[in-house]
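In what follows, every chain begins at residue 1, and chains take the letters A, B, ... in the order their sequences are listed.
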Amino acid sequence: MSILKYFYTLRPPKKTAAVAKERLQIIVAHERNLRDSPVIEYLPMLQQELLEVVRKYIAIQDEDIKINIEKDGECEILELNITLSDENQ
Amino acid sequence: MAKIIVVTSGKGGVGKTTTSAAFATGLALRGYQTVVIDFDVGLRNLDLVMGCERRVVYDFINVINGEGNLNQALIKDKRVENLFILPASQTRDKDALSLKGVLKVLETLRKRFEFIVCDSPAGIEHGAIMAMYFADEAIVVTNPEVSSVRDSDRIIGMLSSKTRRAVQNLPAIKEHLLVTRYAPKRVTSGDMLSVEDVQEILAIPFLGVIPESKSVLQASNSGIPVTLDKKSDAGQAYLDVVARFLGEEPPVREKKGFLTRLFKN
Ligand SMILES: Nc1ncnc2c1ncn2[C@@H]1O[C@H](COP(=O)(O)OP(=O)(O)O)[C@@H](O)[C@H]1O
Ligand SMILES: [Mg+2]
């Protein structure tokens, strides 16, 4: 067996069906999540106000703050992420 | 009490009408009083697939509007005892169906039939909702292909939110996954999602798989539900699906190693 062939059998190229499966798993999980989480109208407002509070102390950009609600079984998680770049510190 | 079964998918052209015709015919062959209703208003096709297009006089919407009675609209199949077809209207637009009207017709049919099979139009709008709203069980027809799988997932979401059972907090609709137009060779070569893949992604109970088959087109060309073609592999697969739906465990046919595997767990 040539070296090349040996590597080929070790790691055959990914078949398109496997690619399809992976893509579907991701998009379906994402869309289910959207479907199952209640639409929370105050979320953008909350994000805006948080941004203003944080800005009193640290200079951040609009996109540095991310707010998200996720459902994990019975439990809902409010996730808040503020990214501080090197310049802020 | 009659069972109402919707055949649905979201995406068009995946085999809903083929399945509705084959499945309803299979139930009637087993001796059940069965009616199959075309909900695809404006795009009537079940009549062609069932081979009764020249016998349509009154349709579903005529009955709802009181322009003809149900007995005048129901077409009795000439080949299979206990099998009736209720055609869709070809002339009206899809909004002509109303929940109230559909309920009225279903209530009358419930008294006379054991199974009511509803052939849903494509899409996720009014027509599809009308077809699924009163269902007790749903057959989600899916092709092993990305768009079809994703659309099926949308439909599964609607079954658990936009139907009578969901709205009234009744026991949920019983869902069944039916994978159609399946090409085992392409699965082996890695070009097509396997039944296991589709089932894993959609995560609803598996009912069966129908192979891609020339006999399906031949059957629809002739207006014969494919379950009446004894030589058709797809027809045989639909008969297995009917048996499994009725709670039997049909023998696993040759060349279906994937089935044995699916049922082992
Ligand atoms: N198992 C199958 N093998 C081959 N062709 C099929 C199969 N199932 C459906 N078809 C074909 O696919 C097309 C669409 O089927 P149809 O039942 O009308 O889909 P839908 O009602 O979902 O739009 C038709 O031409 C039909 O003959
Ligand atoms: Mg159709």
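- Residues of residues 120-148 of chain B having a heavy atom under 4.5 Å from any heavy atom of chain A, listed by number: B/V146.
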Tell me which donor-acceptor pairs under 3.5 Å the side chains of residues 17-25 of chain A have, and how far apart each pair is, sequence neighbours excluded?
{"unit_1": "A/K21", "atom_1": "NZ", "unit_2": "B/D197", "atom_2": "OD1", "d": "3.1"}
{"unit_1": "A/K21", "atom_1": "NZ", "unit_2": "B/E200", "atom_2": "OE1", "d": "2.9"}
{"unit_1": "A/E22", "atom_1": "OE1", "unit_2": "A/K14", "atom_2": "NZ", "d": "2.7"}
{"unit_1": "A/Q25", "atom_1": "NE2", "unit_2": "B/E200", "atom_2": "OE2", "d": "3.2"}

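- Residues of residues 152-168 of chain B placed with any heavy atom under 4.5 Å of a heavy atom in chain A are listed by number as B/D153, B/R154, B/G157.
- Take A/E31 and apply the side chain to side chain contact (heavy atoms under 4.5 Å, CB included) test, not counting sequence neighbours, and it matches A/I27, B/R150.
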